[in-house]
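Working notes, structure below.
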There are 2 protein chains.
Amino acid sequence: MATGRTHRPATRSRGIPEATVARLPLYLRALTALSERSVPTVSSEELAAAAGVNSAKLRKDFSYLGSYGTRGVGYDVEYLVYQISRELGLTQDWPVVIVGIGNLGAALANYGGFSARGFRVAALIDADPAMAGKPVAGMPVQHTDDLEKIISENGVSIGVIATPAGAAQQVSERLIAAGVTSILNFAPTVLSVPDGVDVRKVDLSIELQILAFHEQRKAGEEAAAAGSADADADGAPDAGAGAPDGAGAGTGAAPAAALMPPAGRAAAAAARKGGPDGDVPAVMPA
Amino acid sequence: MATGRTHRPATRSRGIPEATVARLPLYLRALTALSERSVPTVSSEELAAAAGVNSAKLRKDFSYLGSYGTRGVGYDVEYLVYQISRELGLTQDWPVVIVGIGNLGAALANYGGFSARGFRVAALIDADPAMAGKPVAGMPVQHTDDLEKIISENGVSIGVIATPAGAAQQVSERLIAAGVTSILNFAPTVLSVPDGVDVRKVDLSIELQILAFHEQRKAGEEAAAAGSADADADGAPDAGAGAPDGAGAGTGAAPAAALMPPAGRAAAAAARKGGPDGDVPAVMPA
DNA sequence: ATGTCTTTGTGAACGCGTGCACAAAGATTG
DNA sequence: CAATCTTTGTGCACGCGTTCACAAAGACAT
Ligand SMILES: NC(=O)c1ccc[n+]([C@@H]2O[C@H](COP(=O)([O-])OP(=O)(O)OC[C@H]3O[C@@H](n4cnc5c(N)ncnc54)[C@H](O)[C@@H]3O)[C@@H](O)[C@H]2O)c1
Ligand SMILES: NC(=O)c1ccc[n+]([C@@H]2O[C@H](COP(=O)([O-])OP(=O)(O)OC[C@H]3O[C@@H](n4cnc5c(N)ncnc54)[C@H](O)[C@@H]3O)[C@@H](O)[C@H]2O)c1
């Protein structure tokens with residue numbers, strides 16, 4: 001996920017819970033699809049299924065927006081599309097700049113889903129002089145020197161950062177100084193920004209690591225289940241992925257032992273899914 | 001953000017809370033940086049600052065892994081790097097396939113951050129016959145026909161979907177049938193998957209919409225504050241930056257407004273940042 | 001050893017988010 | 001108009017996550 005937003009009491013602002021806000025785009029997408037099929041109304045049950053959420057949750061979410069449904073019937077699709085769009089601020093135009101037009105930045109620039117929802121790529125900015133003027137997605141790349149001018153002249157308040165991690169903080173500072181108050185950061189770094197500026201991050205690496213964690217846990221459970229017959233029931237497969245935990249020098253032991261030998265790793269690895277996967281070196285970042 | 005995971009009791013699994021798991025990669029990144037600078041130990045305070053979280057939260061997170069710190073001193077960097085890596089399952093090799101080698105897929109394939117953490121791109125798969133054999137990121141693109149074989153032979157359990165939305169569900173089904181149990185989905189669709197399969201999604205459009213919501217709210221508050229004297233007095237650099245907003249591009253073509261009630265739309269638009277227009281309607285979400 | 005100082009690990013309180021369950025509201029039918 | 005059926009809107013309870021605050025643990029100095 002991309003999470004983010006610098007901490008904030010969240011209170012105040014009479015408004016909608018953060019969790020609900022994060023789901024509104026999901027509802028909107030489902031509703032738009034229904035709208036295109038000229039479906040006039042939907043029940044909370046149907047819409048919830050389409051959006052992949054619980055229907056009670058959906059109704060509660062909508063209740064924060066007001067009472068837009070009709071009991072016994074459901075919600076008017078078109079009306080709800082409008083209400084959610086308005087709530088999200090999509091009834092206005094949001095110029096956006098993308099900074100760092102490399103592999104990812106170029107892909108983003110070419111992405112059609114941008115303009116589909118009221119967002120407009122106002123400019124593409126890169127520090128590489130060789131890129132300046134070069135057209136990407138039918139739009140000339142502009143040099144970082146003009147960043148402030150571009151932000152200011154276009155009234156940009158949302159910036160997307162797709163530069164290398166090392167440049168991200170500095171780029172964010174320039175964007176903010178120029179007037180940007182919302183940043184979507186693709187660089188794998190924690191951005192430090194002043195209050196009042198929202199930052200959301202998208203980090204591929206983190207997503208994969210979270211998946212790997214669950215994958216490992218699943219493999220562990222599988223191994224445990226296979227090992228002790230098949231009487232799973234509710235075994236509560238301890239987190240430590242089984243073996244490796246207890247074995248490794250217990251807690252409180254002298255920490256100085258830098259890298260420990262990957263003990264029971266073999267077990268978990270062997271328990272992997274089907275497929276002749278013999279090797280498995282203990283690859284480790286350092 | 002990317003959020004996701006199909007619902008799940010979440011409880012059970014004697015283990016680490018989901019929220020903690022999501023932060024471990026963050027800690028790991030900060031620790032890796034310290035490790036590269038040969039810093040031997042860090043306090044929870046320092047590390048928390050580097051990771052952008054609360055120090056109490058960090059300590060509690062680590063407490064789920066065990067007692068790896070030394071009171072009065074802090075945490076041994078190398079040791080912690082190892083423990084977290086092990087917990088996340090990064091001490092083993094995770095082959096990954098990317099399906100849909102278009103703009104985004106190609107960018108992902110070229111991304112170096114993949115292999116940096118134990119993930120290895122095992123194959124690039126696309127349905128376009130014209131792509132087959134073409135090298136992307138030094139690796140020949142393979143055709144979808146061989147998807148099952150590729151998954152099976154490489155023991156792949158993590159798949160990345162970067163196809164158009166329309167193809168995502170079907171692709172996920174093929175991946176799952178072939179043995180994949182974790183999916184990172186970049187297509188803007190809700191994937192329906194069986195229990196036991198983890199799905200995380202990254203949706204640029206949703207992130208932007210969430211930012212737009214907060215941006216709009218900020219603009220509303222600002223307008224309200226400006227209307228009632230200038231009682232703010234809170235350092236804030238006053239994001240406005242004085243852009244000739246209202247006049248220029250502004251809210252050019254009304255996007256979806258053509259629909260139902262033409263109510264507060266004008267007000268919302270007028271409340272955009274900067275514009276020192278006199279009016280100031282107390283823009284408020286209904 | 002003893003005392004002081006630093007920092008961890010965690011008990012406890014609190015707030016947010018989720019989901020159940022149901023009364024109320026309105027449509028629909030007779 | 002009354003009865004019935006459908007679906008919303010929400011009160012309530014529960015569990016997870018966050019944060020505070022502090023006792024205990026250990027390092028370090030004397
Ligand atoms: N490519 C991916 O799939 C992917 C996935 C996840 C995260 N990321 C992250 O996104 C960022 C970009 O990735 P990429 O693969 O496109 O890298 P890239 O090297 O292809 O592109 C980076 C671009 O940023 C430009 N740049 C460098 N410093 C700059 C500055 N100070 N101001 C403006 N532009 C600057 C460079 O000229 C280059 O064009 C990296 O931080 C990467 O870690 C990429
Ligand atoms: N480009 C971005 O920055 C971006 C950002 C967010 C989300 N997305 C989403 O990511 C997805 C890919 O975006 P893109 O810009 O790379 O699109 P694209 O059209 O450039 O690439 C899509 C690729 O998928 C391939 N494909 C189509 N059907 C397939 C199938 N059934 N099996 C395998 N491959 C198939 C196509 O041949 C093509 O190469 C889209 O769903 C898009 O909405 C893209």
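Numbered from 1 within each chain, the chains take letters A, B, ... in sequence-line order. Predicted model only: the values in this text are computed from it and were never measured.
In this structure, Tyr64(A) does not reach the dG17(C) phosphate: none of its side-chain N or O atoms is under 4.0 Å from OP1 or OP2. Ser44(B) has a side-chain polar atom (N or O) that falls below the 4.0 Å cut-off from OP1 or OP2 of dT8(C). Within the structure, a side-chain polar atom (N or O) of Asn54(A) is placed less than 4.0 Å from OP1 or OP2 of dC20(C). Between Tyr75(A) and dT6(D) there is no side-chain N or O to OP1 or OP2 distance below 4.0 Å.
In the set dG19(C), dT19(D), dG17(C), the nucleotide with an atom closest to the side chain of Ala56(A) is dG19(C). The side chain of Ser67(A) lies closest to dG9(D), out of dG17(D), dA27(D), dG9(D). The listed nucleotides are dT18(C), dT7(D), dT10(C); the one nearest the side chain of Ser63(B) is dT10(C). When distances run from any side-chain atom of Arg59(A) to the nucleotides dG9(C), dT18(D), dT10(D), the shortest one goes to dT10(D).
If you take CG of Leu47(A) and C1' of dT7(D), they are 14 Å apart, rounded to a whole angstrom. As rounded to whole Å, 21 Å separates atom P of dT7(D) from atom NZ of Lys57(A). Separating the CG atom of Asp61(B) from the P atom of dC16(D) is a distance of 15 Å, rounded to the nearest angstrom. The interatomic distance linking Glu45(B) (CD) with dG9(C) (C1') rounds to 14 Å, in whole Å. The distance from atom CD of Glu46(A) to atom P of dT6(D) is 14 Å, rounded to the nearest whole Å. Summarising the geometry, the separation between CG on Asp76(B) and C1' on dT8(C) is reported as 15 Å, rounded to the nearest angstrom. One interatomic measurement links the two molecules: CD of Glu18(A) to P of dG17(D), which rounds to 17 Å at whole-angstrom precision. One can place CG of Leu65(A) at 10 Å from P of dG9(D), the figure rounded to the nearest angstrom.
One side chain, Gln209(B) or Ser205(B), offers a donor N or O that lies under 3.5 Å from an acceptor on the other. In this structure, a donor-acceptor pair under 3.5 Å is present between the side chains of Tyr79(B) and Gln83(B). A donor-acceptor pair shorter than 3.5 Å cannot be found between the side chains of Gln169(B) and Thr189(B). Side-chain polar atoms of Thr20(A) and Asp61(A) form a donor-acceptor pair below 3.5 angstrom.
Using a 4.0 Å heavy-atom cutoff across all strands shown, Phe62(B) reaches no nucleic acid atom at all.
Residue order along DNA chain D, read from the 5' end via each residue's closest nucleotide, puts Arg71(A) first among Lys60(A) and Arg71(A). For the pair Pro17(A) and Val42(B), nearest-nucleotide mapping onto DNA chain C gives the more 5' position to Val42(B). Nucleotides of DNA chain C nearest to Gly72(A) and Ala19(A) differ in position, and the one nearer the 5' end is that of Ala19(A).
In summary, the aromatic rings of Tyr75(B) and Tyr68(B) are positioned with their centroids too far apart to meet the 6.0 Å limit.
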